[in-house]
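Sequential numbering from 1 along the given sequence is applied to the chain's residues. Every number for a ligand or one of its atoms is a count from 1 in the order of the listing. Basis for what follows: all heavy atoms, side chains included, without hydrogens, waters or symmetry-related copies.
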Amino acid sequence: MKNLIITNGTIVTDELIHKGTIVVIGDRIIYVGDQVEGDKIKKTADTDVFEIIDAKGGYIAPGLIDVHMHGVNGAELMDANSEALRTMGRFVVQHGTVAFLPSTVTASKENTKKVSQLIADYNGGDDEAEILGIHLEGPYINEEYKGAQYGPAIRHADLKEMEELYAILGEKLRLVTLAPEVEENLHVVPWLTERGVVVSMGHTNATYEQALAGFEQGINYATHTYNGMRGLHHREPGALGAILATPHVWAELIADLIHVHPGAIKVLLNAKSIERTILVSDAVQATGLPDGKYVLGDLDIFVKDGAARLAEGNLAGSTLTLITAVKNMVEAIGVSIPDAFRMASQNPAKALGLKERGWIREGNLADIIIVSPEFEVKKTIIRGKVVYNKN
Ligand SMILES: [Zn+2]
């Protein structure tokens, strides 16, 4: 593996470094700063074995981390085979994602265990994004806000099932979405957080008080804010109001400009700040494919003009890539480039407690993407290794 010198681009850190250079030794970033002459860099790096990467005036940005993604390109986690994970890993890497959480939808106990085992056993290839673990989006949700989840399999949380899944997954059980207004669901929250699992409120009819009770138990995260949750009324602020009113709670956002109106995105950013907002794709298997009929878990979905819906019309995930979400935040919402990237890299890394990832700075793992000024991904580097190279 060659060490890397990445030059001739705008580095995206907390601010922009124009005409910047990054030096990568092994899997680490060891220098971030102004462009320096080749000899000087070599001296800094103390070795001659470099590949020089010319960013050609594009952005040199942190690799994206997608904590909510069901599938892409005709494959989804609920297919329960490793080929599906491979398809996902290969696809997202071409769109700037370096690490992700394949996400379940509500399914039988048996199927949920099966996909958990798959994630636990999976070893990705050299051309794939890293799988950090699993996001269980359900089955412990509220029927009234199930969205595109399979109703008959919705159930109350049960510690025995949690223990079985944790025994399979260990620390790869990263994120669990549940509805806290259901007493049994609320009871497993401390058990999960004690084990380092992030617990999220989602697909929920929680009132403001019930949501706060959930936060009290350790929920510190919200699944696709606005979508699949009780809305804000000024006399009953609901689950949404509780998220907006509680500073430490992380808020996911599907920024495809279909799920949430740009005005509501601005409300979210004003309430939560850039620091607590996380961009997710919530991508389904139709992502990267033309309009048509697809599936999401046990349900049929129909994609028209890029919007995925059930026959009844409910939105059913998205066909978004995370880099497009970043682009939308810049171009449609007016967020700065560093802030837009941060919501899809540093923030998800922090929410999951990942160390040394999600951020371009000296000492961190070299998860870097090179993106044209139009947000086209040209190169993806994971742990100092070029895993995608657009010719
Ligand atoms: Zn989802």
Side-chain angles (χ1 to χ4, degrees), residues 64-73 75-80 84-85 88 91-92 97 100-107 111-112 115-116 119 131-151 153-154 173-179 198-204 219 221-229 239-240 243 250-260 277-288 294-303 306-310 312-322 324-325 344 348 351-352:
L64 310 181
I65 298 173
D66 194 351
V67 295
H68 188 158
M69 195 191 107
H70 300 284
V72 291
N73 225 359
E76 63 170 6
L77 172 61
M78 302 317 283
D79 293 345
L85 296 183
M88 290 162 78
F91 180 91
V92 296
T97 295
F100 67 110
L101 295 182
S103 308
T104 62
V105 286
T106 293
N111 283 352
T112 307
V115 296
S116 297
I119 295 281
I131 291 177
L132 298 166
I134 201 167
H135 175 173
L136 297 181
E137 191 188 8
Y140 315 132
I141 58 174
N142 193 318
E143 173 83 34
E144 284 175 80
Y145 284 86
K146 67 177 189 287
Q149 302 248 6
Y150 181 59
I154 292 173
L173 179 57
R174 295 272 187 184
L175 187 53
V176 175
T177 293
L178 51 75
V198 178
V199 187
S200 179
M201 175 167 74
H203 292 282
T204 173
I219 294 174
Y221 191 102
T223 300
H224 44 51
T225 308
Y226 290 109
N227 303 113
M229 62 177 63
L240 174 60
I243 295 160
W250 298 97
E252 276 186 3
L253 172 69
I254 308 172
D256 60 355
L257 309 178
I258 297 168
H259 279 76
V260 181
T277 305
I278 293 177
L279 300 180
V280 295
S281 71
D282 198 11
V284 298
Q285 62 164 232
T287 305
Y294 297 92
V295 298
L296 175 61
D298 293 311
L299 300 173
D300 288 333
I301 58 174
F302 302 85
V303 178
R309 295 177 190 274
L310 300 179
E312 302 90 289
N314 306 36
L315 283 169
S318 87
T319 59
L320 180 68
T321 60
L322 206 48
T324 303
L352 292 186

Inset, instruction - Output yes when a side-chain donor or acceptor of Thr204 lies under 3.5 Å from a complementary backbone atom of Met201, and no otherwise. - result: no
Inset, instruction - Please list, chain by chain and in numerical order, all residues satisfying side-chain contact (heavy atoms from CB on, under 4.5 Å) with Asn111, sequence neighbours excluded. - result: Ala107, Ser108
Inset, instruction - Indicate yes or no for a side-chain donor-acceptor contact from His203 to the backbone of Tyr145 under 3.5 Å, with no hydrogens or angles considered. - result: yes
Legend entry - Near the Zn ion (ligand 1) (cut-off under 2.8 Å), count of protein N, O or S atoms: 4
Legend entry - Short side-chain to backbone donor-acceptor contact, Gln149 and Ile154, under 3.5 Å: no
Inset, instruction - Quickly, which of His259, Glu252, His68, Glu137 forms a side chain to side chain donor-acceptor pair (under 3.5 Å) with His224? Name it, please. - result: Glu137
Legend entry - Backbone N/O of His70 and side chain of Ser103: donor-acceptor pair under 3.5 Å: no
